[in-house]
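Along the sequence shown, residues are numbered consecutively beginning with 1. Quick caveat: nothing in here was measured; it's all calculated off a predicted structure.
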Amino acid sequence: MTEVDQSRRDLIEERLVDFNSRRSPVLRALHGLPADEEEPLQVYALDDTGEVAGGLTGYTWGHWLHIDLLWVSGAERGTGLGSRLLERAEAAAVERGCVHSRVESWGFQAPGFYEKRGYRVLAAIEDYPPGETDHLLVKALGRVYG
């Protein structure tokens, strides 16, 4: 069967979480803590007309900030807006107890932008999709938990 079935997907996730927590003391220790819940994190900037000029979306989980999307309008590129959005998201993540951040960026997007802000390329996946390279970048944000 290959059809989409949300109830079966939820069952598979539940069983995998149970398996993972039995096998990993780190994941088991997260259970019941705020860091075990994915919490959305969104930062937006509006222009003078009230339109979205840029934004960052992601979530926090497991003491990490996971950045999904960061976009800045053409009119605002080069003004530092992207850096300010990233800084605000990182600060909010630290307030939630995050100590690391991660993001993926294709080569034609912004791996250099992130590297200039303290991220390092942990992996480069070539031909994802064919003809492009996907970069996984990470950054230490704050004190190490423990």
Identified side-chain contact (heavy atoms from CB on, under 4.5 Å) counterpart of Leu136 within the set Val121, Leu122, Ile125: Leu122

Ala45: partners by side-chain contact (heavy atoms from CB on, under 4.5 Å), with sequence neighbours left out: Leu81, Leu85

Apply salt bridge (charged side-chain N to carboxylate O under 4.0 Å, His left out) to the pair Arg117 and Glu87, showing each step before the final yes or no. CA-CA 9 Å; Arg117 282 142 194 91; Glu87 289 166 5; over 6 Å; no

Checking His66 against Glu104 for the side chain to side chain contact (heavy atoms under 4.5 Å, CB included) test, could you report, in this order, the C-alpha distance in whole Å, the side-chain angles of both residues, the deciding distance, and whether it holds? CA-CA 9 Å; His66 297 251; Glu104 290 183 47; over 6 Å; no

Please report the shortest heavy-atom distance between [X] and [Y], naming the atom on each side.
X	Y	result
Val72	Glu76	CG1-CB, 3.5 Å
Leu41	Ala92	CD1-CB, 3.9 Å
Pro25	Arg23	CD-O, 3.7 Å
Arg96	Thr60	NH1-OG1, 3.1 Å

Arg102 side-chain N/O to Val138 backbone N/O, donor-acceptor pair under 3.5 Å: no

Check whether Ser24 reaches the backbone of Ser21 with its side chain - one donor and one acceptor, N or O, closer than 3.5 Å. no

Are side-chain N/O atoms of Tyr44 and Gln42 paired as donor and acceptor at under 3.5 Å? yes

Check: [Y] and [X] side chains under 4.5 Å, non-hydrogen atoms:
X	Y	answer
Leu141	Trp64	no
Thr133	Trp106	no
Phe108	Glu132	yes
Glu115	His135	no
Tyr59	Ile67	no
Glu13	Val17	yes
Ser73	Asp47	no
Val52	Leu46	yes

Distance (rounded to the nearest 0.5 Å) between [X] [atom1] and [Y] [atom2]:
X	Y	atom1	atom2	value
Leu70	Gln109	CG	CD	9.5 Å
Asp18	Glu14	CG	CD	7.5 Å
Lys139	Leu86	NZ	CG	6.0 Å
Glu39	Trp61	CD	CH2	14.5 Å

With sequence neighbours excluded, what pairs up with Glu38 under the salt bridge (Lys or Arg N to Asp or Glu O under 4.0 Å) test? none

Heavy-atom count around Glu126 CD within 6.0 Å, excluding the residue itself: above 12? no

Anything under 30° is parallel, anything over 60° is perpendicular, the rest tilted; go ahead and classify Tyr119 against Tyr114. perpendicular

Using the rule given for salt bridge (charged side-chain N to carboxylate O under 4.0 Å, His left out), can you reason through Arg9 versus Asp5, listing the C-alpha separation, both sets of side-chain angles and the distance that settles it, and then say yes or no? CA-CA 6 Å; Arg9 187 234 176 261; Asp5 183 323; over 6 Å; no

